[in-house]
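All residue numbers refer to positions in the sequence shown, counting from 1. Every heavy atom of this structure was used, including side-chain atoms; hydrogens, water molecules and symmetry mates were not.
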Amino acid sequence: MPYPFFWPPSLPLRQLGSILLMAYLNGWRRLPHWFLCHAFPSLPVANGAWGMGCIGYPGHPVWEVTAACNLKCIHCHAERQPGAGELTTDEGKRLIDEIAAVRDFRTLVFSGGEPLVRKDIYTLLRHAQKAGLANIIATNGTLIDEETAFKLKDHGVVCHAISMDSYDPKTHNLIRNSPEAYDLALRAMEATRRAGILLQINTTAMEYNLPHLGDLIDFVEGQKAGIMLMYQLVAVGRGEKIRDKTLKKEANRDLCDLIAAKQRDVATVVEPVAGPQYWPYLLERKGLTDGPAVALARKVFHGCAAGRGFVYIKATGDVWPCPFVEVTAGNVKERAFGAIYRESEVFKALRNREETLKGACGDCRWRGICGGCRGRAMAFSGDYLAEDPRCFLRTTVGPKAGYEV
């Protein structure tokens, strides 16, 4: 049975330290409002977290319960056909028990595809709830009405991570390949609030929606979301077909500037995904390269979490370090999840980044706080330990500041 969110006390203290450091670096004016409105509901969502980083936080298992989906979004990484080979109900229950047995993990994200199209989803959610895990649903939102939201809450769901790629309905519907996606996502957000479930918004930044992202952050704040994850498009799955729409170095830096500027005046916590340069960039902008703030940052900012706290289980049981790092460390049908997570060479290499990263990322002083996007490195070079080709730190802050020379 997993520990409760408050044990050991060092974990919530690290979470608090990460929030306060982020607030200091951004000049976050709405921190008091966040404490009043979002802090307590966020506790079960950040359950067991070691701080802040890519894809929300480390200590974060995600299970793609099915590749099936009722939409066909232009950028989805889970493009493969559903059905044959996906874990059965009994295999899923065994996986849940094995995840719950890993002390690092106290939440479980049910993703897809669209998790709510899986027929036994409520059976699996109930099993995870009984195993002591806090459940999170990563969803396009089109299947959540008020009745569904309350049912999900009853099955241990503490957060709905709903996809929204633009405040402009035409742009969102274009990306989601559906004329109804926007309106149905709004319905899901309202149902989530009514059910008393923490609302999280997941956005994928690409050239299609880049001009809309500032207004989208304001829109998300108006929806009273506690968390917003700002993904960058990584060229995997269907995203490979629109590789030219991924953000270039300058756009990566501009997005970091936008998130930092907007964070000052919104109560929603906005965190980058596939943009781990954000954390050292905040430090650099403050002129901090050493001292207590940097020492704290090394403990509570984790940048790319692939394989070091984050783990992604495919619908077929393959275990990946991240949905964007398409490297199989093992399959839970053949080997226990805990053994794969602890002992596989893939995960060992990613945990030992001070020694294993290559190129500019291997030489960078920020490899512990940032580490480069391993998914982007893999997509562009075929090597998940290669340098991040879209890192802007060297050109922005200069070799001496960003890199050891």
Looking at [Y] and [X], is any side-chain nitrogen of the basic one under 4.0 Å from a carboxylate oxygen of the acidic one?
{"X": "Glu190", "Y": "Arg194", "value": "yes"}
{"X": "Glu354", "Y": "Arg367", "value": "yes"}
{"X": "Glu146", "Y": "Arg187", "value": "no"}
{"X": "Lys348", "Y": "Glu355", "value": "no"}
{"X": "Glu86", "Y": "Lys314", "value": "no"}
{"X": "Arg126", "Y": "Asp154", "value": "yes"}
{"X": "Asp383", "Y": "Lys358", "value": "yes"}

Test item: [X] and [Y] side chains (from C-beta on) under 4.5 Å apart, heavy atoms:
{"X": "Val319", "Y": "Thr328", "result": "no"}
{"X": "Thr203", "Y": "Leu216", "result": "yes"}
{"X": "Val62", "Y": "Pro323", "result": "no"}
{"X": "Trp34", "Y": "Ser42", "result": "yes"}
{"X": "Thr356", "Y": "Leu350", "result": "no"}
{"X": "Met164", "Y": "Val220", "result": "no"}
{"X": "Ile201", "Y": "Phe219", "result": "no"}
{"X": "Asn26", "Y": "Met22", "result": "yes"}

To the nearest 0.5 Å, what is the distance between [atom1] ([X]) and [atom2] ([Y])?
{"X": "Gln277", "Y": "Ile369", "atom1": "CD", "atom2": "CD1", "answer": "12.5 Å"}
{"X": "Asn47", "Y": "Ile136", "atom1": "CG", "atom2": "CD1", "answer": "9.0 Å"}
{"X": "Asp244", "Y": "Met206", "atom1": "CG", "atom2": "CE", "answer": "12.0 Å"}
{"X": "His38", "Y": "Leu198", "atom1": "NE2", "atom2": "CG", "answer": "7.5 Å"}
{"X": "Phe380", "Y": "Glu387", "atom1": "CZ", "atom2": "CD", "answer": "12.5 Å"}
{"X": "Tyr312", "Y": "Cys322", "atom1": "OH", "atom2": "SG", "answer": "9.0 Å"}

Among Cys361, Cys370, Cys364, Ser381, the one residue meeting side chain to side chain contact (heavy atoms under 4.5 Å, CB included) with Asp388: Cys361
Between [X] and [Y], is any side-chain donor less than 3.5 angstrom from a side-chain acceptor?
{"X": "Thr289", "Y": "Glu284", "result": "no"}
{"X": "Asn135", "Y": "Gln129", "result": "no"}
{"X": "His127", "Y": "Asp97", "result": "yes"}
{"X": "Arg376", "Y": "Gln232", "result": "yes"}

Tell me whether [X] contacts the main-chain N or O of [Y] through its side chain, where contact means a donor paired with an acceptor under 3.5 Å.
{"X": "His33", "Y": "Ala267", "answer": "no"}
{"X": "Asp120", "Y": "Thr123", "answer": "no"}
{"X": "Arg176", "Y": "Asn173", "answer": "no"}
{"X": "Arg238", "Y": "Cys73", "answer": "yes"}
{"X": "Gln263", "Y": "Trp28", "answer": "no"}
{"X": "Asp104", "Y": "Gly59", "answer": "no"}
{"X": "Lys262", "Y": "Ala260", "answer": "no"}
{"X": "Arg374", "Y": "Gly371", "answer": "yes"}
{"X": "Gln200", "Y": "His160", "answer": "no"}
{"X": "Asn177", "Y": "Leu71", "answer": "no"}

Minimal non-hydrogen separation, [X] against [Y], with atom names:
{"X": "Met52", "Y": "Ile19", "value": "SD-N, 4.1 Å"}
{"X": "Val346", "Y": "Pro321", "value": "CG1-CG, 3.6 Å"}
{"X": "Leu21", "Y": "Ala293", "value": "CD2-O, 3.9 Å"}

When you look at [atom1] of [X], are more than 12 heavy atoms from neighbouring residues, nucleotides or ligands closer to it than 6.0 Å?
{"X": "Phe40", "atom1": "CZ", "answer": "no"}
{"X": "Glu250", "atom1": "CD", "answer": "no"}
{"X": "Lys333", "atom1": "NZ", "answer": "yes"}

Partner residues of Asn70 under the side chain to side chain donor-acceptor pair (under 3.5 Å) criterion, sequence neighbours left out: Asn140, Thr142
Do Gln223 and Arg193 pass the side chain to side chain donor-acceptor pair (under 3.5 Å) test, and can you show the C-alpha distance, the side-chain angles, and the key distance before you say yes or no? CA-CA 9 Å; Gln223 293 295 315; Arg193 291 191 297 269; 2.9 Å; yes
Between Asn209 and Asp165, does the side chain to side chain donor-acceptor pair (under 3.5 Å) criterion hold? Intermediate values first, please. CA-CA 7 Å; Asn209 62 355; Asp165 294 310; 4.5 Å; no
May I have the step-by-step check of side chain to side chain contact (heavy atoms under 4.5 Å, CB included) for Leu143 and Glu114, ending in yes or no? CA-CA 9 Å; Leu143 302 178; Glu114 171 52 51; 4.0 Å; yes
Side chain to side chain donor-acceptor pair (under 3.5 Å) between Glu221 and Thr268, intermediate numbers included: CA-CA 6 Å; Glu221 165 79 354; Thr268 305; 3.2 Å; yes
According to the interplanar angle, ranging from 0 to 90°, do the rings of Trp50 and His302 count as parallel (below 30°), tilted (30 to 60°) or perpendicular (above 60°)? perpendicular
Please confirm whether the ring centroid of Tyr341 lies under 6.0 Å from the ring centroid of Phe105. yes
Partner of Phe301 by ring-ring contact (aromatic ring centres under 6.0 Å, His included), out of Trp279, Trp366, Tyr281: Trp279
